Amino acid sequence: MAELPVQRIRVAVEAPQHSGLSGPLDYLSERALAPGSLVRVPLGRRELMGIVWPGEPDGGAEAAALRPILAELDGLPPLSASWCQLVEFAASYYQRSIGELALAVLPPQLRELDNTQLRARLKKLGKFLASPAEAQGSAPEAEEAPAGRPTLSPAQQQVLDELDALLDAARNSAPAPVLLYGITGSGKTEVYLRAAEHALAQGRQVLVLVPEINLTPQLEARFAERFGGSAASGGAAHRIVSLHSALTPAQRLRNWLAAHLGEADLVLGTRLAVFASMPRLGLIVVDEEHDPSYKQQDGARYSARDLAIYRAHQEKIPVILGSATPSLESWQRANEGRYKRLLLPGRIGGGALPRVRLFDMKRMPLSKGVTTALTTPLLDALRLRLERGEQSLIFLNRRGYAPVLHCAECNWKSDCPHCSAWRVFHKGDRTLRCHHCGFTERVPSACPSCGNQDIAPLGRGTERLEEQLQEQLPGARVLRIDADSTKHKGELEAQLAAVHSGEVDILVGTQMVTKGHDFRRITLVAAVNPDGALFSSDFRAPERLFALLMQAGGRAGRDAEAAARSEMWVQTWHPEHALYQALKQHDFEAFAKSQLAERESAGLPPFAHLALLRAEGRTVEAAQGFLKAAAAFAQAMPEAQGCLVYPAIPMSVARVANVERMQMLVEAGSRGALQRLLWHWMPELHALKREHKGLLRWALDVDPLAI
DNA sequence: AGCACGCCGACT
DNA sequence: GTCGGCGTGCTC
């Protein structure tokens, strides 16, 4: 037998960008290995999982220095070339190493397996797949009996026809991304379902992305009901799996394997699912595409929505972005004709949107002893709902009892010793809690500074609002839902069930309650203090506020019969503000137009492209010194032509857990210009870190959401 | 990132 | 005497 030459194999291993091992590494193997295969390789004294990466070995290292591949995980089909391409694109776009990103988006448990363990998992998966779909718990049971396929509204039919036409026209090229624009209750989900049916009927897999899985149980239930194998689905049962971080490691691996092996037809998941390996992928749906949680906020800061668009383009498959309040990025691309905008006007069943009423706080009589949040007209409106047996939702985006405790005598305030932020007063457990670093103390009975007994809460959070409602409306059943009331497993579900079953008259909550849930009996939604976002230094704050208020308003009047008398109240000191005026008319388009005009004249996204360099140091000087050196270097780079580096500024909460945080914005006219700058800048940033001793860490955020 | 090596301060 | 602090350097 002829001796086979030992060959170089390119392997992506989990080594971060700044380790000097930026690209895939070369190893030796006696046999050829298919790109996308999982292998175990030595790295230093460690032994890691790696992925045989497509492309030529770079030959950078001396052949004599190469080490052999230890083992191949041979029970799995290799990851596809297009999966590798997606990862490679994401790594380069968000400035991370290929291996770091590739391994980070695989199920954590897969990294630990050897061939024996893998075979055991696959065997278990086989059993799981053989069991009836209903018993798998991969999706919640539908609440109502399966209703089969509802008749499409003319608008839905038209949207689907246009979708068909789009796919026909695309043929061998990538169809344009579809922006499905329709208000809450307009029937977007049914469009997703029909599009999914279409793809499944052609033997393809479907990927559905949702912002947060526990906030969208209804969407999950709709898919499970339609495709989960019940008689009503009318055809072959399809396998649905979910992928999100709340799964146990074993479930996550199992579901990932089911997708990778092509056994799962539908994958429903959060942003991490955009990297699911799906060999037969035929459709991607991104629900609530504007939602900020599609942007990963640490590690590789990728946007799952943007990557979904890339992936669909690369695989030449349709992608549907759905929203009642699209991101201005997507809206602008639709304006430019790069996305196909499809509209679902009105609500299914002709239900009206709640009437929006703006209450000018400047004209409100201030009644003694009652804080201004619960105005007399609002209390009257709540009483009216109580009499009618209807529910109300009060939205206040601030948890806790009061954002700060204050001593009238010496002006002491409940600041956090470790952060530049106030500690929030939580009355329920009598604590002062820092929402940034978690530092918690029992609330003092007297002022810690001067001993004065008379320390008072300033401002209000959901806890206080709940208490005041109970005082003002004795007998009303008030329930608060926020991160504090739902921190234990199952509490959110239990509280939502209480609302659905009518055990609650008034629901108080943070933005948590504005997402996803259909509350059939709510006829009044009130935002008591939303003005903060109007004057935020973050240019995206108005966009988020508008989406939040539209979404909150959408909670009311889902029941057509109640819709006519449903109202959304906004208590504001600025009723004349364009945002509220647009909200009053339910006019997203007018809002988007005015915002886009502002963005264009200010040179902000989507008309410019941003990256944010953040630095954390023991001292302000350390963080600032690093950013200043980085800026000086960038300004001298020829590749920075046409890019603007802004001065470093402290982050809005400048100090967290005794770490000083600064940030610096980089603006470019095009993606290409920004990428060029970043590619030449990054190596220097790694080098600079060594020179700035007090610098703890730095991070680059490409296309940052919040600035 | 891990994980070594390496060179200085307070403990059984 | 050594245990351990984290600075510096390396990994195909």
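Note that the coordinates shown come from a computational prediction; the quantities given were computed from them, not determined experimentally. All heavy atoms count here, side chains included; hydrogens, waters and symmetry mates do not. The chains referred to below are lettered A, B, ... by the order of the sequence lines, with proteins before strands, and numbering in each begins at 1.
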Using whole Å, report how far NE2 of A:H692 lies from P of C:dG7. 17 Å
For a side chain to side chain contact (heavy atoms under 4.5 Å, CB included) with A:D703, tell me which candidate from A:R301, A:E329, A:R671 qualifies. A:R671
Counting the atoms with a prime plus P, OP1 and OP2 as sugar-phosphate, which does A:P42 contact under 4.0 Å by heavy atoms, base, sugar-phosphate, or nothing? sugar-phosphate
Please check: side-chain N/O of A:S323 versus main-chain N/O of A:E289, any donor-acceptor pairing under 3.5 Å? no
Phosphate OP1/OP2 of B:dC3: any A:R45 side-chain N/O under 4.0 Å: no
What orientation do A:H686 and A:W698 show, parallel under 30°, tilted 30 to 60°, or perpendicular over 60°? tilted
Not counting sequence neighbours, which residues clear side chain to side chain contact (heavy atoms under 4.5 Å, CB included) with A:E47? List them please. A:R40, A:L70
Please tell me which of the listed nucleotides, C:dT11, B:dA4, C:dG9, lies nearest to the side chain of A:R690? C:dG9
Interatomic distance, A:L66 CG vs C:dT11 P [rounded to whole Å]: 12 Å
Can you confirm whether the side chains of A:Q296 and A:D298 place a donor and an acceptor under 3.5 Å from each other? yes
Taking CG from A:L48 and C1' from C:dC10, how many angstroms apart are they, rounded to a whole number? 14 Å
The single option from A:I284, A:V206, A:V267 that satisfies side chain to side chain contact (heavy atoms under 4.5 Å, CB included) with A:M278 is A:V267
A:E14 CD to B:dG2 C1', in whole Å, measures 10 Å
Calculate the interatomic distance between A:L695 atom CG and C:dG7 atom C1'; express it in whole Å. 15 Å
Look at the side chain of A:E88 and the backbone N and O of A:I98, then say whether any donor-acceptor pair between them is shorter than 3.5 Å. no
Without decimals, in angstroms, what is the distance between A:E47 CD and C:dT11 C1'? 14 Å
Send over the distance from A:L25 CG to C:dC10 P, rounded to a whole Å. 16 Å
Find the distance A:K689:NZ to C:dG7:P and express it as a whole number of Å. 11 Å
Sort me out a list of protein N/O and nucleotides 6-8 of chain B N/O pairs below 3.5 Å, or just none if empty.
none

Students often get this wrong, so: under 4.0 angstrom with heavy atoms, is A:R46 touching a base, only sugar-phosphate, or nothing? base
